[in-house]
Amino acid sequence: MPFHVRLHFGPPSSPAVTGTWDSEATAERKFRGFIGRYGSQAEVRIELVEDGPRGEQTVRSWTRERGEVEGA
């Protein structure tokens with residue numbers, strides 16, 4: 001199953017930089033790297049999403065205000 005990491009520089013509907021990996025471990029490293037690189041910016045939202053048999057499911061997300069949140 002592919003995993004996507006999305007980096008939004010504005011509201012959730014804003015354009016995003018997206019990367020896709022087959023390995024959850026690799027996607028997790030990219031997710032953490034994006035937090036380190038872009039996490040201090042106010043409007044940034046970072047998501048780790050699994051593309052499974054029932055469609056996309058958010059594994060975790062991160063914003064400066066809320067920190068890391070499991071699931072949607």
Side-chain angles (χ1 to χ4, degrees):
M1 279 182 274
F3 293 86
H4 311 285
V5 177
R6 296 190 181 119
L7 171 64
H8 296 269
F9 288 99
S13 62
S14 65
V17 175
T18 303
T20 301
W21 295 271
D22 289 328
S23 164
E24 183 175 8
T26 301
E28 178 75 31
R29 280 193 307 276
K30 298 299 183 177
F31 175 80
R32 302 263 173 233
F34 279 2
I35 291 172
R37 182 172 287 161
Y38 302 105
S40 64
Q41 297 179 29
E43 292 289 320
V44 165
R45 177 177 173 81
I46 304 165
E47 301 171 312
L48 173 59
V49 178
E50 179 181 15
D51 195 355
R54 291 183 284 166
E56 292 188 351
Q57 301 291 318
T58 301
V59 176
R60 64 182 46 88
S61 62
W62 189 93
T63 62
R64 190 172 79 175
E65 294 80 31
R66 294 181 61 199
E68 187 172 322
V69 177
E70 294 286 324

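Computed over heavy atoms, backbone and side chain alike; hydrogens, waters and symmetry mates excluded.
- T20 contributes atom OG1, which lies 4.5 Å from atom NE2 of H4 (distance to the nearest 0.5 angstrom).
- The CD1 atom of I35 sits 14.0 Å away from atom NZ of K30, with the distance rounded to the nearest 0.5 Å.
- In this structure, V5 and A27 approach most closely via the heavy-atom pair CG2-O, 3.4 Å.
- No side-chain donor-acceptor contact under 3.5 Å links H8 to the backbone of R45.
- Between M1 and P53, the shortest heavy-atom distance links the atoms SD-CD, 3.8 Å.
- Atom CD of E47 and atom CD of E56 lie 9.0 Å apart (nearest 0.5 Å).
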Exercise. F34 and W62: side-chain contact (heavy atoms from CB on, under 4.5 Å), yes or no, with the steps?
Worked result: CA-CA 10 Å; F34 279 2; W62 189 93; over 6 Å; no
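- Looking only at side-chain heavy atoms (C-beta outward), V44 and F9 come within less than 4.5 Å of each other.
- For the atom pair OG1 (T58) and CD (E70), the distance works out to 11.0 Å, reported to the nearest 0.5 Å.
- In this structure, CG in L7 is found 10.5 Å from CZ in F31, a value given to the nearest 0.5 Å.
- The CZ atom of R32 lies 4.0 Å from the CD atom of E68; values are rounded to the nearest 0.5 Å.
- For R64 (side chain) and S40 (main-chain N/O), a donor-acceptor pair under 3.5 Å exists by modelled atom type.
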